[in-house]
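Chain naming here is simple, since letters A, B, ... match the order of the sequence lines and numbering starts at 1 in each. On a predicted model such as this, the values are computed, not experimentally measured, just so you know.
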Amino acid sequence: MDIGAPARYNWSGPGDRRSATARCRGGCDRREAAALTASVSHAILAEETERQLKTEEGIVAEVIQIKDIARYAGQEVTVRGWVYNKTGKGRLQFILLRDGSGQAQCVAFKREMDAEAFEIVRGLTQESSLLITGEVRPDERAPGIPGGFEIGIRDLQLLQQAQDYPITPKEHGTEFLMNHRHLWLRSNRQWAILRIRATIIKAMRDWLDDQGFLLVDTPIITPAAGEETTTLFEVDYFGELAFLAQTGQLYNEANIMAFGKVYCFGPTFRAEKSKTRRHLIEFWMLEPEIAFCSLEELMDIEEGLVTYVVAQVLEKHSQELALIERDVSKLRAITAPFARISYDDAIERLQGLAEATDDPEAKAELAIAWGEDFGSPQETALAEQFDKPVFVYNYPTAVKAFYMTPVEGRPEVCRSVDLLAPEGYGEIIGGSERIHELDLLEQNIDKMGLGREAYQWYLDLRKFGTVPHAGFGIGIERTVAWICGLNHVRETIPYARLLNRKYP
RNA sequence: UCCGUAGUAGCUCAAUUGGCAGAGCAAUCGGCUGUUAACCGAUCGGUUCUUGGUUCAAGUCCAAGCUACGGAGCCA
C-alpha cells in the first residue's frame with residue numbers, strides 16, 4: 001500500500017498566524033505581511049509579480065524545476081512547491097519539497113538564517129505551499145527525486161499553511177485513499193504511475209504516427225450499440241435515446257476507406273456490473289484500423305506497438321519504475337517476436353494443465369471445453385506459460401462479435417486475435433479481421449437481432465469499394481497496470497470510475 | 001448478480017469464554033545541528049456502521065439492512 005507524505009512537526013498551533021511571507025515585497029514590517037497574506041499569496045502566483053520580486057532584495061532567484069537541480073550546483077535558485085516531508089532536529093530542519101517535477105531536500109540551519117524565517121520552517125506542515133530560495137549543493141546524503149543535491153535555505157515565502165492533511169505516513173485503506181484521490185495523486189507512487197501512463201499514451205501515438213496512421217476522432221455520443229445493448233450508458237438526446245460509446249471501431253472502419261490507416265483514442269463507457277481488478281466503467285482505449293490488412297499483419301503491428309511502448313517506458317522512466325519497485329528485468333524481456341498460438345492449441349494446453357495438477361480446485365478452475373471463452377484463471381494460466389505477451393487467434397465464432405470474419409472452410413472459428421499480457425494481467429488487446437462482404441454481415445446482424453436500420457451507414461461501407469481490413473483495441477489502463485506491475489487498474493487512471501464510485 | 005471477508009479514535013489496527021474501550025501514527029505542547037516513515041517526553045482524541053432482539057451485562061451472541069474489500073461472471 002502506498003504511504004503518504006511523511007511529516008513530523010511540533011510547533012505552530014492552529015491559532016498561530018504564520019502564513020506570512022518571511023519578508024514582504026515592499027520591505028514592510030512582518031506583522032503587516034501577516035495581515036496581507038491572502039493578497040500577497042495571490043500576487044506571488046502571478047507571473048508579473050514574480051519578475052518584480054526578482055528585482056527586489058534577492059528573495060527570489062532564478063525559478064527552476066527540481067528535476068533540473070543538478071544543473072544548478074553552486075548557484076542560488078528559487079523552487080516553488082509543497083512540503084512532502086519535514087524532519088526537525090531542533091536548530092536543524094529538513095524539508096522535502098516537491099514541485100511536480102521532482103523532490104528536493106531543503107535544509108534550514110537556525111544560525112544561518114533570519115530568525116523569523118527559521119520559525120516559519122519549524123512550523124511547516126505537510127502539503128503547505130511555499131517558495132524557497134537558497135544555494136544548490138551536492139550532498140550524497142540528500143534524498144529526493146533525483147536526489148544527491150540539496151538546497152541550503154536562505155529565505156522563503158509561505159503561501160499557505162496547510163492544516164491536517166489527511167494522508168499520513170502510516171498505511172491507509174483502499175476506500176480512504178480512493179475517497180481522497182484528489183490528494184492521493186500527490187503521493188510518490190501515484191505520481192510515478194501517472195507519469196508512466198502519459199508516456200505509454202505518447203509512445204503509442206508516436207509509433208502509429210510514424211507508421212503512417214492518422215488520428216481520426218470518433219464520436220462519444222452514438223445512436224447504436226457497438227456490440228451488445230446490455231452494457232451501454234443511455235443518454236437523453238433531446239428526447240431521443242442515445243448511448244455513450246463503448247468503441248470507435250465502426251467509425252474507424254468508415255475512416256480507413258478515406259485515410260487507409262487510422263486510429264482513434266478516447267474514453268469508452270461500459271455499464272457492466274464488473275467488479276474486478278481489470279475493469280473500469282470509464283476507460284481509455286486506443287483503436288487502430290487498417291485497410292487491406294490480414295490477421296497476420298495485424299499481429300505484426302500489435303507486436304511492434306507493444307514492444308516500442310515498453311522500450312520507451314524503460315528508456316524514460318527508470319526513476320519512476322524504481323520508485324514503484326517494478327521488476328524491470330521482466331520488462332526488458334518484452335521483445336519481438338511474441339508466441340502465436342491458436343485457440344485450438346490453447347484449449348489443448350489448458351486441458352493438459354488441468355490434467356497435470358493434483359489440486360482439485362485448480363483442476364476445476366482450468367477445466368474448459370472447446371467452444372467456451374476463457375475465464376480469468378484460464379487466461380492467467382495460459383499466459384503464465386510465456387514470459388512475453390502471447391497471441392491467441394482463431395476463437396470460436398460464437399463467442400466473438402458479429403463483424404469478425406469466419407475462417408474459410410471452418411466457419412465455427414473466426415479471424416480474431418487477443419493479446420494476453422504476462423504475469424496474470426490478462427487480455428490487453430482484442431482484434432480481428434472484419435467481415436467485408438455485405439451478405440454475410442447482414443446475415444450476422446439479423447442473427448444477433450441487432451436491427452439493420454441502425455447499421456445502414458456501416459453496411460454502406462460494404463457497398464462502395466469494400467476491402468479486406470482489420471483492427472484492434474488496446475486498453476490503456478490494463479497496459480499501464482501490466483507495465484507498472486499494479487494489482488488493480490484503479491491506480492492507473494487519475495479518477496477511476498468504478499461500479500460504486502464516481503467520486504471525486 | 002453470486003460467493004467469501006470485514007466495518008472500533010482523523011488513519012491503520014487490538015480488545016481472552018459476554019464483564020472498566022486500548023496501542024501506533026496524525027494533531028497539540030516541549031526537547032534535540034544530518035534527518036531519510038527521525039527520535040524522546042507530555043496532552044488531546046470514541047454514536048464500537050445502522051435498526052431491532054437475547055442477557056444482570058453486548059464491540060463481542062441473534063436477525064435484517066447498508067458500505068467497503070477480495071474472488072467469479074462479462075469484457076479492454
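Between Ile474(A) atom CD1 and C75(B) atom P the separation is 19 Å, expressed in whole Å. Whole-Å rounding puts the Glu150(A) CD to U35(B) C1' distance at 10 Å. One interatomic measurement links the two molecules: CD of Glu175(A) to P of C13(B), which rounds to 12 Å at whole-angstrom precision. Asn500(A) places its CG atom 11 Å from the C1' atom of C66(B), with the value rounded to the nearest Å. The NE2-P distance, from His279(A) to A72(B), rounds to 10 Å in whole Å. Distance OH (Tyr165(A)) to P (G10(B)): 19 Å, rounded to an integer number of Å. The distance from atom CG of Leu499(A) to atom C1' of A72(B) is 14 Å, rounded to the nearest whole Å. Here the C1' atom of nucleotide C29(B) and the CZ atom of Arg122(A) are 11 Å apart, to the nearest Å.
Taking only side-chain nitrogens and oxygens, Arg141(A) never comes nearer than 4.0 Å to OP1 or OP2 of U33(B). For the OP1/OP2 pair of U35(B) and a distance below 4.0 Å, the side-chain nitrogens and oxygens of Asn85(A) include no atom meeting the criterion.
U16(B) and A23(B) are spaced 16 Å apart, taking the P atom of each and rounding to whole Å. Using atom C1' as the reference point in both U12(B) and A27(B), the two lie 16 Å apart (nearest Å). Taking atom C1' on both G45(B) and U8(B), the two are 14 Å apart, rounded to the nearest angstrom. Separation of the C1' atoms belonging to C61(B) and C13(B) is 23 Å when rounded to the nearest angstrom. Rounded to the nearest Å, the gap between the C1' atom of C20(B) and that of A63(B) is 29 Å. Nucleotides C40(B) and C25(B), compared at atom P, are 7 Å apart to the nearest Å.
If you check every strand for non-hydrogen atoms under 4.0 Å, Glu477(A) touches nothing. Among the heavy atoms of the strands, none lies under 4.0 Å from Arg501(A). Using a 4.0 Å heavy-atom distance criterion, Asp373(A) is classed as a sugar-phosphate-only contact. If you check every strand for non-hydrogen atoms under 4.0 Å, Ser376(A) touches sugar and phosphate atoms only. Leu96(A) comes within contact range of no nucleotide atom at all, as no heavy-atom separation falls under 4.0 Å. At a threshold of 4.0 angstrom between heavy atoms, the contacts of Gly375(A) are confined to the sugar-phosphate backbone, with no base atom among them. Within the nucleic acid shown, Pro143(A) comes within 4.0 Å of at least one base atom, counting heavy atoms only. Base contact: Phe94(A) has a heavy atom under 4.0 Å from a base atom. Residue Lys275(A) is classed as a base contact, given a heavy-atom separation below 4.0 Å to a base.
The side chain of Thr168(A) lies closest to G10(B) when the candidates are U33(B), A72(B), G10(B). Comparing G34(B), G70(B), C74(B) against the side chain of Arg137(A) picks out G34(B) as the nearest. Of the listed nucleotides (G34(B), A76(B), G70(B)), G34(B) has the atom at the smallest distance from the side chain of Phe109(A). Here G34(B) is the nucleotide among G10(B), G34(B), C69(B) with the atom lying nearest to any side-chain atom of Lys89(A).
Note on Arg340(A) versus Asp345(A): no salt bridge recorded, every NZ/NE/NH1/NH2 to OD/OE distance being 4.0 Å or above. Here Arg326(A) pairs with Glu423(A) in a salt bridge; the nearest charged N to carboxylate O distance falls below 4.0 Å.
Donor-acceptor pairing under 3.5 Å, judged by distance alone, is present between the side chain of Ser274(A) and the base of C74(B). The base of C75(B) sits within donor-acceptor range of the side chain of Arg478(A), with an N or O pair under 3.5 Å. Side-chain N/O atoms of His172(A) and base N/O atoms of C11(B) include no donor-acceptor pair closer than 3.5 Å. Residue-to-nucleotide contacts include no donor-acceptor pair under 3.5 Å from the side chain of Gln93(A) to the base of U33(B).
With Leu158(A) as the fixed residue, the side-chain contact (heavy atoms from CB on, under 4.5 Å) test singles out one of Leu131(A), Val83(A), Leu130(A): Leu130(A).
To the nearest 0.5 angstrom, Gln126(A) atom CD is 10.5 Å from Asp164(A) atom CG. To the nearest 0.5 Å, atom CD of residue Gln249(A) and atom CE of residue Met285(A) are 8.5 Å apart.
Ring pair Phe243(A)/Phe269(A): centre-to-centre distance not below 6.0 Å. Checked against the 6.0 Å centroid criterion, the rings of Tyr455(A) and Phe402(A) qualify as a close aromatic pair.
Residue order along RNA chain B, read from the 5' end via each residue's closest nucleotide, puts Asn487(A) first among Ile428(A) and Asn487(A).
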